[in-house]
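A quick write-up on the structure given underneath.
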There are 2 protein chains.
Amino acid sequence: MYTPIDIFWQIIKGKYKAKILIYLNERTLRYSIIRKKFAGASERILIKQLKELEKERLIEKKITGTKPPFKTEYKISNYGKTICPLLKQMWFWGEKHLQQK
Amino acid sequence: MYTPIDIFWQIIKGKYKAKILIYLNERTLRYSIIRKKFAGASERILIKQLKELEKERLIEKKITGTKPPFKTEYKISNYGKTICPLLKQMWFWGEKHLQQK
DNA sequence: CGGTATCCGCATTGATACTG
DNA sequence: CAGTATCAATGCGGATACCG
């Protein structure tokens, strides 16, 4: 018996997803750039979470070039944009929480 | 290197936490009632997440009685109330997401 | 460059039985 | 009634090497 917040949870669950969406909401990014932003993360996990976000249609991937080196760009979708105000509020709340400590 | 959204994430991470807060925001609940609402969950996990929420001062626990049967009530704290509007928006977003499918 | 493949540790979750 | 204790399972996250 799933409530809507379980649905939300399913989609956003994952260590990097929220932050990926925030970054992509600012600008389109190539994979190599994303990887640098999440220097601590393993590629396996990063790719996995990018794929899941893509599957949920929150982000879009565009590949240029037919043979290596490839060039792939990740961008936020119109649908993905609808979740960003919410993510920003999480950000703000997190800031306030820090001040309280 | 933690951003505020990582902080938020740390606090709300956990399968039942968001929903617990939403329930407690409506009314104070005894443990046995909470357990019924999360019929599928194991007690160990439920207790653990309640404790973590208590540790972060998002909820408060009050125990009545010195010998069994005890009576414990969980209620949301003033601080916990500040996060609920955000949780409700997650709920709404989840609803919309469902309609799209 | 942008991934996969493989292997692994560990935290989270879970089922069940027991207790103050 | 409101938990704890114990043990098992599973899946997330991570390190490293390799490939189209």
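Within every chain, numbering begins at 1; the chains are lettered A, B, ... in the order of the sequence lines, protein sequences first and strands thereafter. Because the structure is predicted, anything quoted here is derived from the model rather than measured.
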(request) Can you sort out the partners of A:W91 under side-chain hydrogen bond (donor to acceptor under 3.5 Å, both in side chains), two or more places apart, ordered by chain and number? (result)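 Per chain and number, A:W91 pairs via side-chain hydrogen bond (donor to acceptor under 3.5 Å, both in side chains) with A:E95.
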To the nearest Å, give me how far apart [atom1] ([X]) and [atom2] ([N]) are.
X	N	atom1	atom2	answer
B:E43	D:dC1	CD	C1'	10 Å
B:Y31	D:dA2	OH	C1'	7 Å
A:L46	D:dA15	CG	P	13 Å
B:L29	D:dA2	CG	C1'	15 Å
B:F38	D:dA2	CZ	C1'	17 Å
A:L50	C:dG3	CG	P	8 Å
B:I47	C:dA15	CD1	P	16 Å
A:I45	D:dG13	CD1	P	6 Å

Return no unless some side-chain N or O of [X] is found under 4.0 Å from OP1 or OP2 of [N].
X	N	value
B:K13	C:dA11	no
B:S32	D:dA2	yes
B:K48	C:dA11	no
B:T72	D:dC1	no
B:Y74	D:dG3	yes

(message) Using a 4.0 Å heavy-atom cut-off, does B:K51 contact any base of the nucleic acid, only the sugar-phosphate backbone, or nothing at all?
(response)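 Touches sugar-phosphate only.
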(message) Applying a 4.0 Å non-hydrogen cut-off, can you work out what B:Q49 is touching in the nucleic acid: base, sugar-phosphate, or nothing?
(response)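 Here B:Q49 touches the backbone only, sparing every base.
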(request) Could you tell me, to 10°, how much the axis swings from one end of the helix from C:dC1-D:dG20 to C:dG20-D:dC1 to the other, five pairs per end? (result)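 Here the helix ends are tilted 60° relative to one another.
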(message) A:R30: which residues meet the salt bridge (charged side-chain N to carboxylate O under 4.0 Å, His left out) condition with it, sequence neighbours left out?
(response)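 With sequence neighbours excluded, A:R30 shows a salt bridge (charged side-chain N to carboxylate O under 4.0 Å, His left out) to no residue whatsoever.
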(request) Consider only side-chain heavy atoms of I, L, V, M, F, W and Y, link residues closer than 4.5 Å, and tell whether A:L86 and B:I12 are in one cluster. (result)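 Yes, it is one cluster - the side chains of A:L86 and B:I12 are joined through contacts under 4.5 Å.
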(message) Can you classify the ring geometry of B:W93 versus A:F8 as parallel (below 30°), tilted (30 to 60°) or perpendicular (above 60°)?
(response)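 The rings of B:W93 and A:F8 stand perpendicular, inter-plane angle above 60°.
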(message) Check this for me, if you would: do A:K17 and A:E52 make a salt bridge, where the nitrogen-to-carboxylate-oxygen distance has to be below 4.0 angstrom?
(response)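 Looking at A:K17 and A:E52, the cut-off is met.
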(request) Identify whether the distance between the nearest side-chain nitrogen and carboxylate oxygen of B:R35 and B:E43 falls below 4.0 Å. (result)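 The answer is yes: the pair qualifies as a salt bridge.
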(message) Determine whether A:N25 and A:K81 satisfy the following criterion, side chain to side chain contact (heavy atoms under 4.5 Å, CB included), listing intermediate values before the conclusion.
(response) CA-CA 7 Å; A:N25 192 41; A:K81 283 177 189 167; 3.9 Å; yes
(message) Which is more 5' along DNA chain C, the nucleotide nearest A:E73 or the one nearest A:R44? Just name the residue.
(response)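 Its nearest nucleotide lies further toward 5', so the answer is A:E73.
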(request) For the side chain of B:S42, starting at C-beta, report the closest nucleotide among C:dG2, C:dG14, D:dA2. (result)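 Given the options C:dG2, C:dG14, D:dA2, the side chain of B:S42 is closest to C:dG14.
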